[in-house]
Amino acid sequence: MIDFLKNWVLNVVTLVVFIMLIEMLIPSGKTKKIVNLVTGFILVIGLINPLLKLVGSGIALGEFQMAGSNYIDKKEVMINSEVLEEKQIRQITNVYREKIIAQLKSITQNIEGIKDAKADIIINEDYTSERFGEVKKVYLYLSLEDEDEGIKRVLSVKKVEIDLGQSEDIEQQHEKQLDEKIRFELEDKVARLLNVQKEDIVISLEED
Amino acid sequence: MEIFQIIGLALVATIIALLLKSHRPEMALQISLVTGIIIFLVILGKITAVVDLLNSYAERVNIDMVYINTLLKIVGIAYIAEFGAEVCRDAGEGAIASKVELAGKVIIVVMAVPIITSLLDLIISVMP
(Lines give C-alpha, C1' and ligand atoms only; values in the text may rest on other atoms or scores of the structure.)
Protein backbone atom coordinates (compact mmCIF):
# COMPACT_ATOMS: atom_id res chain seq x y z
CA MET A 1 0.00 0.00 0.00
CA ILE A 2 2.82 2.39 0.93
CA ASP A 3 4.57 1.53 -2.31
CA PHE A 4 1.42 2.28 -4.26
CA LEU A 5 0.95 5.63 -2.52
CA LYS A 6 4.59 6.51 -3.07
CA ASN A 7 4.33 5.72 -6.79
CA TRP A 8 1.07 7.54 -7.14
CA VAL A 9 2.31 10.72 -5.46
CA LEU A 10 5.52 10.63 -7.50
CA ASN A 11 3.53 10.17 -10.69
CA VAL A 12 1.23 13.06 -9.94
CA VAL A 13 4.04 15.38 -8.83
CA THR A 14 6.17 14.64 -11.89
CA LEU A 15 3.18 15.12 -14.16
CA VAL A 16 2.30 18.44 -12.54
CA VAL A 17 5.90 19.68 -12.81
CA PHE A 18 6.01 18.59 -16.40
CA ILE A 19 2.73 20.31 -17.24
CA MET A 20 3.91 23.45 -15.49
CA LEU A 21 7.10 23.53 -17.53
CA ILE A 22 5.15 22.94 -20.72
CA GLU A 23 2.75 25.76 -19.91
CA MET A 24 5.75 28.02 -19.56
CA LEU A 25 7.21 26.83 -22.83
CA ILE A 26 4.20 26.96 -25.12
CA PRO A 27 3.77 30.05 -27.26
CA SER A 28 1.12 32.48 -26.06
CA GLY A 29 -1.02 32.19 -29.14
CA LYS A 30 -4.37 30.71 -29.95
CA THR A 31 -3.14 27.14 -29.51
CA LYS A 32 -2.47 27.73 -25.80
CA LYS A 33 -6.09 27.11 -24.84
CA ILE A 34 -6.17 23.73 -26.54
CA VAL A 35 -2.84 22.71 -25.04
CA ASN A 36 -4.22 23.63 -21.60
CA LEU A 37 -7.33 21.52 -22.23
CA VAL A 38 -5.28 18.50 -23.23
CA THR A 39 -2.87 18.87 -20.32
CA GLY A 40 -5.89 19.05 -18.01
CA PHE A 41 -7.26 15.80 -19.42
CA ILE A 42 -3.90 14.12 -19.01
CA LEU A 43 -3.67 15.27 -15.40
CA VAL A 44 -7.16 13.93 -14.64
CA ILE A 45 -6.28 10.57 -16.18
CA GLY A 46 -2.97 10.53 -14.29
CA LEU A 47 -4.81 11.20 -11.02
CA ILE A 48 -7.65 8.71 -11.40
CA ASN A 49 -6.11 5.80 -13.30
CA PRO A 50 -3.72 4.46 -10.60
CA LEU A 51 -6.57 4.45 -8.07
CA LEU A 52 -8.79 2.53 -10.46
CA LYS A 53 -5.96 0.11 -11.19
CA LEU A 54 -5.79 -0.59 -7.48
CA VAL A 55 -9.49 -1.39 -7.48
CA GLY A 56 -9.01 -3.48 -10.59
CA SER A 57 -10.89 -1.56 -13.23
CA GLY A 58 -8.22 0.75 -14.56
CA ILE A 59 -7.35 0.99 -18.23
CA ALA A 60 -4.06 0.68 -20.05
CA LEU A 61 -3.85 4.17 -21.46
CA GLY A 62 -1.11 3.26 -23.96
CA GLU A 63 -3.22 0.58 -25.62
CA PHE A 64 -6.28 2.81 -25.68
CA GLN A 65 -4.33 5.64 -27.21
CA MET A 66 -2.84 3.37 -29.86
CA ALA A 67 -6.23 1.91 -30.74
CA GLY A 68 -7.76 5.37 -30.95
CA SER A 69 -5.01 6.81 -33.10
CA ASN A 70 -5.03 3.72 -35.37
CA TYR A 71 -8.75 4.17 -35.91
CA ILE A 72 -8.22 7.83 -36.81
CA ASP A 73 -5.34 6.93 -39.16
CA LYS A 74 -7.42 4.23 -40.87
CA LYS A 75 -10.32 6.60 -41.43
CA GLU A 76 -7.93 9.27 -42.70
CA VAL A 77 -6.38 6.88 -45.22
CA MET A 78 -9.83 5.71 -46.35
CA ILE A 79 -10.99 9.28 -46.90
CA ASN A 80 -7.77 10.20 -48.67
CA SER A 81 -7.82 7.11 -50.87
CA GLU A 82 -11.06 8.25 -52.48
CA VAL A 83 -9.37 11.45 -53.50
CA LEU A 84 -6.04 9.87 -54.27
CA GLU A 85 -7.48 7.10 -56.39
CA GLU A 86 -8.55 9.41 -59.15
CA LYS A 87 -5.27 11.31 -59.10
CA GLN A 88 -3.26 8.11 -59.07
CA ILE A 89 -5.30 6.64 -61.91
CA ARG A 90 -4.72 9.78 -63.94
CA GLN A 91 -1.00 9.55 -63.27
CA ILE A 92 -0.96 5.85 -64.12
CA THR A 93 -2.88 6.55 -67.33
CA ASN A 94 -0.36 9.23 -68.33
CA VAL A 95 2.58 6.92 -67.69
CA TYR A 96 0.85 4.14 -69.63
CA ARG A 97 0.13 6.50 -72.52
CA GLU A 98 3.72 7.74 -72.67
CA LYS A 99 5.01 4.20 -72.56
CA ILE A 100 2.81 3.16 -75.49
CA ILE A 101 3.82 6.23 -77.48
CA ALA A 102 7.50 5.43 -76.92
CA GLN A 103 6.89 1.82 -77.99
CA LEU A 104 5.08 2.97 -81.12
CA LYS A 105 7.90 5.34 -81.99
CA SER A 106 10.54 2.67 -81.59
CA ILE A 107 8.72 0.05 -83.68
CA THR A 108 7.98 2.61 -86.37
CA GLN A 109 11.57 3.78 -86.56
CA ASN A 110 12.75 0.20 -86.85
CA ILE A 111 10.88 -0.23 -90.10
CA GLU A 112 13.12 0.30 -93.09
CA GLY A 113 12.44 3.45 -95.04
CA ILE A 114 11.13 5.51 -92.13
CA LYS A 115 13.45 8.21 -90.84
CA ASP A 116 11.47 9.62 -87.96
CA ALA A 117 8.06 9.16 -86.45
CA LYS A 118 5.69 10.83 -84.05
CA ALA A 119 2.84 9.01 -82.40
CA ASP A 120 -0.29 9.82 -80.48
CA ILE A 121 -2.98 7.63 -79.03
CA ILE A 122 -6.43 7.93 -77.57
CA ILE A 123 -7.12 5.61 -74.69
CA ASN A 124 -10.21 4.89 -72.64
CA GLU A 125 -9.66 7.01 -69.53
CA ASP A 126 -12.94 6.19 -67.81
CA TYR A 127 -11.75 4.15 -64.83
CA THR A 128 -15.25 3.04 -63.96
CA SER A 129 -15.58 1.23 -67.27
CA GLU A 130 -14.40 -2.32 -67.76
CA ARG A 131 -12.46 -1.30 -70.83
CA PHE A 132 -10.33 1.20 -68.95
CA GLY A 133 -6.92 1.58 -70.54
CA GLU A 134 -7.95 0.19 -73.91
CA VAL A 135 -6.38 1.92 -76.91
CA LYS A 136 -9.09 3.44 -79.04
CA LYS A 137 -7.19 5.17 -81.79
CA VAL A 138 -3.57 5.36 -82.94
CA TYR A 139 -2.14 8.26 -84.91
CA LEU A 140 1.25 7.94 -86.56
CA TYR A 141 3.04 10.78 -88.29
CA LEU A 142 5.93 9.53 -90.36
CA SER A 143 8.76 11.22 -92.14
CA LEU A 144 10.31 9.04 -94.80
CA GLU A 145 13.97 8.56 -95.51
CA ASP A 146 15.30 10.27 -98.59
CA GLU A 147 16.33 7.80 -101.21
CA ASP A 148 19.71 9.42 -101.73
CA GLU A 149 20.62 10.18 -98.12
CA GLY A 150 24.27 10.98 -98.84
CA ILE A 151 23.60 13.78 -101.27
CA LYS A 152 22.29 17.04 -99.99
CA ARG A 153 18.94 17.63 -101.51
CA VAL A 154 18.33 20.88 -103.29
CA LEU A 155 15.11 22.41 -102.20
CA SER A 156 12.76 22.81 -105.06
CA VAL A 157 10.68 25.89 -105.42
CA LYS A 158 7.10 24.93 -104.84
CA LYS A 159 4.64 25.70 -107.49
CA VAL A 160 2.03 28.09 -106.26
CA GLU A 161 -1.38 26.70 -106.89
CA ILE A 162 -4.29 29.04 -106.86
CA ASP A 163 -6.97 26.73 -108.07
CA LEU A 164 -8.54 24.93 -105.09
CA GLY A 165 -9.61 22.04 -107.24
CA GLN A 166 -6.02 20.89 -107.75
CA SER A 167 -5.09 20.79 -104.05
CA GLU A 168 -6.75 17.42 -103.68
CA ASP A 169 -4.46 16.05 -106.36
CA ILE A 170 -1.43 17.29 -104.41
CA GLU A 171 -2.65 15.60 -101.24
CA GLN A 172 -3.23 12.43 -103.15
CA GLN A 173 0.31 12.63 -104.49
CA HIS A 174 1.62 12.88 -100.91
CA GLU A 175 -0.50 9.96 -99.86
CA LYS A 176 0.94 7.91 -102.65
CA GLN A 177 4.48 8.53 -101.39
CA LEU A 178 3.99 6.10 -98.49
CA ASP A 179 4.78 2.69 -99.76
CA GLU A 180 1.89 0.27 -99.40
CA LYS A 181 4.29 -2.35 -98.10
CA ILE A 182 5.48 -0.09 -95.30
CA ARG A 183 1.90 0.86 -94.44
CA PHE A 184 0.83 -2.77 -94.28
CA GLU A 185 3.83 -3.78 -92.18
CA LEU A 186 3.30 -0.89 -89.78
CA GLU A 187 -0.43 -1.49 -89.40
CA ASP A 188 0.18 -5.15 -88.78
CA LYS A 189 2.80 -4.48 -86.12
CA VAL A 190 0.75 -1.83 -84.32
CA ALA A 191 -2.41 -3.93 -84.44
CA ARG A 192 -0.57 -6.85 -82.89
CA LEU A 193 1.16 -4.71 -80.27
CA LEU A 194 -1.88 -2.85 -79.03
CA ASN A 195 -4.64 -5.21 -80.03
CA VAL A 196 -6.49 -2.61 -82.07
CA GLN A 197 -8.39 -2.81 -85.31
CA LYS A 198 -6.47 -1.79 -88.41
CA GLU A 199 -9.16 0.78 -89.19
CA ASP A 200 -8.29 2.61 -85.98
CA ILE A 201 -4.70 3.19 -87.04
CA VAL A 202 -4.26 6.48 -88.84
CA ILE A 203 -0.95 6.85 -90.64
CA SER A 204 -0.01 10.13 -92.22
CA LEU A 205 3.12 11.62 -93.65
CA GLU A 206 4.70 14.60 -92.01
CA GLU A 207 5.33 17.61 -94.18
CA ASP A 208 8.99 18.67 -94.43
CA MET B 1 25.80 34.18 -22.56
CA GLU B 2 23.79 33.16 -25.57
CA ILE B 3 21.05 35.65 -24.83
CA PHE B 4 23.38 38.47 -25.91
CA GLN B 5 24.03 36.73 -29.22
CA ILE B 6 20.33 36.24 -29.79
CA ILE B 7 19.47 39.82 -28.88
CA GLY B 8 22.32 41.12 -31.04
CA LEU B 9 21.20 39.09 -33.99
CA ALA B 10 17.60 40.13 -33.48
CA LEU B 11 18.50 43.83 -33.23
CA VAL B 12 20.71 43.78 -36.32
CA ALA B 13 18.07 41.90 -38.28
CA THR B 14 15.36 44.31 -37.10
CA ILE B 15 17.38 47.37 -38.17
CA ILE B 16 18.17 45.84 -41.59
CA ALA B 17 14.55 44.82 -42.04
CA LEU B 18 13.37 48.33 -41.12
CA LEU B 19 15.81 49.91 -43.55
CA LEU B 20 14.83 47.57 -46.33
CA LYS B 21 11.10 47.68 -45.73
CA SER B 22 10.54 50.92 -47.63
CA HIS B 23 12.62 49.90 -50.68
CA ARG B 24 12.45 46.12 -50.83
CA PRO B 25 9.69 44.78 -48.56
CA GLU B 26 10.15 41.21 -49.84
CA MET B 27 13.78 41.22 -48.67
CA ALA B 28 12.70 42.49 -45.25
CA LEU B 29 10.33 39.53 -44.97
CA GLN B 30 13.08 37.10 -45.91
CA ILE B 31 15.43 38.60 -43.33
CA SER B 32 12.83 38.28 -40.57
CA LEU B 33 12.11 34.69 -41.63
CA VAL B 34 15.77 33.67 -41.61
CA THR B 35 16.36 35.41 -38.26
CA GLY B 36 13.40 33.57 -36.77
CA ILE B 37 14.74 30.25 -38.00
CA ILE B 38 18.25 30.96 -36.66
CA ILE B 39 16.90 31.89 -33.20
CA PHE B 40 14.67 28.82 -33.25
CA LEU B 41 17.66 26.60 -34.07
CA VAL B 42 19.76 28.15 -31.28
CA ILE B 43 17.11 27.46 -28.64
CA LEU B 44 16.27 24.05 -30.11
CA GLY B 45 19.48 22.53 -28.74
CA LYS B 46 18.74 23.81 -25.25
CA ILE B 47 15.11 22.65 -25.31
CA THR B 48 16.21 19.20 -26.51
CA ALA B 49 18.60 18.91 -23.57
CA VAL B 50 15.90 19.93 -21.06
CA VAL B 51 13.36 17.55 -22.58
CA ASP B 52 15.86 14.68 -22.48
CA LEU B 53 16.54 15.36 -18.81
CA LEU B 54 12.81 15.45 -18.02
CA ASN B 55 12.32 12.23 -19.95
CA SER B 56 15.01 10.50 -17.93
CA TYR B 57 13.33 11.70 -14.70
CA ALA B 58 9.96 10.47 -15.94
CA GLU B 59 11.48 7.05 -16.61
CA ARG B 60 13.09 6.98 -13.16
CA VAL B 61 9.83 7.62 -11.31
CA ASN B 62 8.12 5.03 -13.51
CA ILE B 63 5.57 7.41 -14.97
CA ASP B 64 3.47 6.35 -17.92
CA MET B 65 5.42 7.68 -20.92
CA VAL B 66 2.28 8.00 -23.04
CA TYR B 67 1.35 11.18 -21.19
CA ILE B 68 4.77 12.74 -21.61
CA ASN B 69 5.13 11.80 -25.29
CA THR B 70 1.71 13.15 -26.18
CA LEU B 71 2.38 16.36 -24.27
CA LEU B 72 5.70 16.90 -26.00
CA LYS B 73 4.20 16.24 -29.43
CA ILE B 74 1.46 18.74 -28.72
CA VAL B 75 3.95 21.38 -27.60
CA GLY B 76 6.03 20.83 -30.74
CA ILE B 77 3.00 21.19 -33.00
CA ALA B 78 1.89 24.31 -31.15
CA TYR B 79 5.35 25.86 -31.55
CA ILE B 80 5.62 25.14 -35.27
CA ALA B 81 2.05 26.29 -35.97
CA GLU B 82 2.60 29.55 -34.08
CA PHE B 83 5.92 30.14 -35.84
CA GLY B 84 4.35 29.62 -39.28
CA ALA B 85 1.36 31.78 -38.41
CA GLU B 86 3.61 34.62 -37.18
CA VAL B 87 5.67 34.54 -40.36
CA CYS B 88 2.49 34.73 -42.45
CA ARG B 89 1.18 37.57 -40.29
CA ASP B 90 4.47 39.49 -40.67
CA ALA B 91 4.09 39.25 -44.43
CA GLY B 92 0.64 40.78 -44.10
CA GLU B 93 -1.26 37.57 -44.81
CA GLY B 94 -3.56 37.43 -41.82
CA ALA B 95 -5.98 35.04 -43.51
CA ILE B 96 -3.30 32.43 -44.20
CA ALA B 97 -1.96 32.89 -40.66
CA SER B 98 -5.35 32.10 -39.15
CA LYS B 99 -5.61 29.02 -41.40
CA VAL B 100 -2.21 27.83 -40.15
CA GLU B 101 -3.44 28.29 -36.57
CA LEU B 102 -6.59 26.38 -37.39
CA ALA B 103 -4.54 23.53 -38.88
CA GLY B 104 -2.37 23.46 -35.75
CA LYS B 105 -5.44 23.33 -33.51
CA VAL B 106 -7.04 20.55 -35.55
CA ILE B 107 -3.87 18.44 -35.48
CA ILE B 108 -3.54 18.94 -31.71
CA VAL B 109 -7.17 17.92 -31.20
CA VAL B 110 -6.69 14.86 -33.43
CA MET B 111 -3.74 13.87 -31.25
CA ALA B 112 -5.75 14.53 -28.11
CA VAL B 113 -8.84 12.55 -29.22
CA PRO B 114 -7.42 9.20 -28.01
CA ILE B 115 -6.71 10.83 -24.62
CA ILE B 116 -10.24 12.20 -24.41
CA THR B 117 -11.76 8.84 -25.39
CA SER B 118 -9.62 7.02 -22.85
CA LEU B 119 -10.82 9.44 -20.20
CA LEU B 120 -14.39 8.66 -21.24
CA ASP B 121 -13.62 4.94 -21.06
CA LEU B 122 -12.18 5.48 -17.61
CA ILE B 123 -15.37 7.21 -16.47
CA ILE B 124 -17.53 4.48 -18.02
CA SER B 125 -15.49 1.81 -16.24
CA VAL B 126 -15.96 3.62 -12.89
CA MET B 127 -19.75 3.57 -13.31
CA PRO B 128 -21.33 0.52 -11.75
Side-chain angles (χ1 to χ4, degrees), chain A residues 3 6-53 55-73 75-76, chain B residues 43 46-47 50-51 53-55 57-86 89 97-98 100-128:
Chain A
D3 272 353
K6 190 184 134 198
N7 271 335
W8 187 39
V9 170
L10 266 176
N11 254 328
V12 172
V13 168
T14 321
L15 208 55
V16 169
V17 170
F18 217 90
I19 288 169
M20 200 188 69
L21 274 171
I22 278 163
E23 289 214 349
M24 277 161 66
L25 277 176
I26 52 168
S28 54
K30 287 178 181 172
T31 42
K32 192 168 185 174
K33 276 189 280 180
I34 294 172
V35 176
N36 281 345
L37 176 84
V38 177
T39 48
F41 277 137
I42 289 174
L43 190 58
V44 171
I45 294 171
L47 274 170
I48 300 174
N49 207 23
L51 271 179
L52 288 176
K53 268 184 188 163
V55 180
S57 60
I59 56 163
L61 185 71
E63 286 168 24
F64 265 88
Q65 211 221 12
M66 226 178 272
S69 57
N70 277 349
Y71 180 79
I72 291 167
D73 287 347
K75 282 280 167 196
E76 210 180 318
Chain B
I43 58 166
K46 295 200 175 296
I47 285 186
V50 172
V51 166
L53 188 70
L54 283 174
N55 264 340
Y57 265 93
E59 273 169 25
R60 209 185 295 170
V61 295
N62 211 10
I63 197 170
D64 205 343
M65 287 304 285
V66 182
Y67 308 115
I68 311 290
N69 286 339
T70 314
L71 270 176
L72 289 177
K73 276 183 196 170
I74 286 168
V75 171
I77 291 165
Y79 251 110
I80 292 163
E82 287 290 330
F83 181 72
E86 285 302 319
R89 205 164 277 132
S98 58
V100 171
E101 277 173 350
L102 175 75
K105 275 185 204 171
V106 169
I107 292 167
I108 290 172
V109 169
V110 166
M111 285 198 70
V113 162
I115 293 170
I116 297 165
T117 50
S118 55
L119 182 66
L120 280 172
D121 278 317
L122 205 63
I123 292 162
I124 291 163
S125 68
V126 172
M127 294 292 162

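A, B, ... follow the sequence lines: proteins, then strands. Residue 1 opens every chain. Quick caveat, the model's predicted, so the values are computed rather than measured.
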Between the CD1 atom in A:I42 and the CD1 atom in B:I115, the distance rounded to the nearest 0.5 Å is 3.5 Å

When the 4.5 angstrom heavy-atom criterion is applied to B:I123 and chain A, the contacting part is neither

Interatomic distance, CZ@A:F41 vs OG1@B:T117, rounded to 0.5 Å, equals 10.5 Å

Rounded to the nearest 0.5 Å, the CG atom of A:L37 sits from the CD1 atom of B:I116 at a distance of 6.0 Å

So CD1 of A:I34 and CD1 of B:I107: to nearest 0.5 Å the spacing works out to 11.5 Å

Residues B:E82 and A:T31: closest non-hydrogen pair is OE2-OG1, 3.0 Å

Value for NZ (B:K105) from NZ (A:K33), rounded to nearest 0.5 Å, stands at 6.0 Å

Output for pair (A:I26 CD1, B:I74 CD1), nearest 0.5 Å, gives 10.0 Å

